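First up is the structure itself, then whatever we jot down about it.
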Number of protein chains: 2
Amino acid sequence: MTDTTQITPEQRELLAQVLDKWSLHVLDRLCEHPHRFNELRRTIPSLTQKSLTTTLRRLERNGMIERTMLSTRPIAVEYRLTPLSASLQSLLDALLDWSGANLPAVRRAREEYEAARDLEDHGGEGAGVAAEA
Amino acid sequence: MTDTTQITPEQRELLAQVLDKWSLHVLDRLCEHPHRFNELRRTIPSLTQKSLTTTLRRLERNGMIERTMLSTRPIAVEYRLTPLSASLQSLLDALLDWSGANLPAVRRAREEYEAARDLEDHGGEGAGVAAEA
DNA sequence: CAGAATCCCTCTGGATACTG
DNA sequence: CAGTATCCAGAGGGATTCTG
């Protein structure tokens, strides 16, 4: 049979972890330059400290970011991209571009969808104003 | 200041929905040719009927797939890509390629990570032999 | 065939408090 | 500063049953 692309569960898992809601955001920030923990927290509104920690750990585990502890007085920690994540950067940029460019189209699609659902729910049942032929 | 790319919550949401675990898989299948419901179900192991339904509805709502009901004897339903999702296809392919190509590197990174964690946990604390009893 | 509905349980994610 | 620990509500996902 030889399907062209057989996605393995491993690939699915990896992509899910790398492309997840916050991971994308974090990677996008780190593309610019290394960031510290609270720096990331501040630049990504509505990302809680807990979720940030989880996200960072997972990215680190997958070799997508590197964590460096500077043993200064109040401890400082820096997160930076790795070659692995750098190899993904252009893809991520493209994704962000795509999402930005197609948001209007998606918004329209959503309105149509809701409209269609409303018709089904209210429209069809009582023998009524069945509109266009 | 002038941040290069400011990700909006809306973009985050959209990408999260389109790039989610099963959505990716479904879109990848539909790239080849339109599929029927159970056809998708069969070709994607470990995807349950409920999750498939959810995924399909969400993709449809976002204008990424089109649902067509054929009023044949036992009802038939076909799902196909839309221009919107087609515009994303090359990106998705690239992502799958990337994940396939870099899985080995990621596996290595994970082993290193676990190894480092083991050292921290067992290695540093008790003076050497730290035998219980 | 293509789902909708139900039950049930896990796991995520927020809020809060504490620490080296 | 950079987290860990705890509690707790709520969404999500699996298994099962029912239907046009």
Side-chain angles (χ1 to χ4, degrees), chain A residues 9 12-13 16-26 29-30 34-61 65-80 113 116-118 120-122 124-125, chain B residues 9 12-13 16-26 29-30 33-62 65-80 113 116-118 120-121 123-125:
Chain A
R12 225 190 310 112
E13 184 206 356
Q17 292 189 10
V18 169
L19 301 177
D20 115 306
K21 190 162 86 156
W22 297 120
S23 298
L24 260 182
H25 221 134
V26 167
R29 291 294 114 202
L30 295 186
H35 280 68
R36 311 246 313 255
F37 187 86
N38 282 324
E39 203 175 351
L40 283 171
R41 202 160 136 42
R42 259 177 278 114
T43 52
I44 308 183
S46 73
L47 168 56
T48 67
Q49 169 271 327
K50 187 181 181 180
S51 300
L52 177 56
T53 303
T54 311
T55 301
L56 288 172
R57 290 288 170 278
R58 193 169 37 194
L59 286 176
E60 193 192 352
R61 190 177 102 91
I65 61 175
E66 197 185 78
R67 197 186 99 117
T68 322
M69 263 199 59
L70 312 173
S71 302
T72 54
R73 215 264 306 155
I75 292 174
V77 176
E78 252 196 14
Y79 294 94
R80 64 180 67 247
Y113 182 83
R117 271 198 54 84
D118 282 358
E120 282 175 32
D121 290 353
H122 310 310
E125 38 217 35
Chain B
R12 227 192 307 113
E13 185 206 356
Q17 293 190 6
V18 170
L19 302 177
D20 115 304
K21 191 162 85 157
W22 297 120
S23 299
L24 260 183
H25 221 135
V26 167
R29 291 293 114 203
L30 295 186
H33 62 87
H35 280 67
R36 311 246 313 255
F37 189 86
N38 282 325
E39 202 175 352
L40 282 172
R41 203 160 135 42
R42 259 178 278 115
T43 52
I44 308 183
S46 74
L47 168 56
T48 66
Q49 172 267 324
K50 187 180 181 180
S51 299
L52 177 55
T53 303
T54 311
T55 302
L56 289 172
R57 290 288 171 276
R58 193 168 36 196
L59 286 175
E60 193 192 351
R61 190 178 100 91
N62 288 325
I65 62 175
E66 197 184 78
R67 197 185 100 118
T68 322
M69 263 199 60
L70 311 173
S71 303
T72 54
R73 215 262 306 153
I75 293 174
V77 177
E78 252 197 13
Y79 295 93
R80 64 179 68 247
Y113 182 83
R117 272 198 53 85
D118 282 358
E120 283 175 31
D121 290 353
E125 42 216 32

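Each chain gets a letter, A, B and so on, in the order its sequence line appears, and its residues count up from 1. Since we're looking at a predicted model, the values are computed, not measured.
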Exercise. So, does B:Thr43 use its side chain to make a donor-acceptor pair with the main chain of B:Glu39 at under 3.5 Å?
Worked result: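 It does hold such a pair.
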
Less than 4.5 Å apart, side chain to side chain, heavy atoms only: is that true for [X] and [Y]?
X       : Y       : value
B:Trp22 : B:Thr54 : no
B:Leu59 : B:Leu30 : no
A:Arg67 : A:Leu56 : no
A:Leu47 : A:His25 : no

Problem set entry | Separation of D:dG14 P from B:Leu47 CG (nearest whole Å) |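 These atoms are roughly 8 Å apart.
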
Exercise. Taking CZ from B:Arg117 and P from D:dG3, how many angstroms apart are they, rounded to a whole number?
Worked result: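 From B:Arg117 CZ to D:dG3 P: 13 Å.
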
Problem set entry | Minimum-distance pair of heavy atoms, taken over all atoms of B:Ser46 and A:Arg12 |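 Heavy-atom minimum between the residues: OG-NH2, 4.0 Å.
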
For this session: Over all heavy atoms of both residues, which pair between A:Phe37 and A:Leu52 is shortest? Give the atoms and the distance, please.
Result: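 That closest heavy-atom pairing would be O-CD2, 3.7 Å.
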
For this session: Just jot down the side chain to side chain donor-acceptor pair (under 3.5 Å) partners of B:Thr53, sequence neighbours excluded, or say none.
Result: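 Once residues adjacent in sequence are excluded, the partners of B:Thr53 under the side chain to side chain donor-acceptor pair (under 3.5 Å) criterion are B:Gln49.
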
Exercise. Could you run down nucleotides 1-13 of chain C 5' to 3' and tag each one B, S or - for protein heavy-atom contact under 4.0 Å?
Worked result: SSBB-BB-----B

Exercise. At what angle, to 10 degrees, do the two end axes of the helix from C:dC1-D:dG20 to C:dG20-D:dC1 meet, given five pairs define each axis?
Worked result: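 For the helix from C:dC1-D:dG20 to C:dG20-D:dC1, the axes at either end differ by 50°.
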
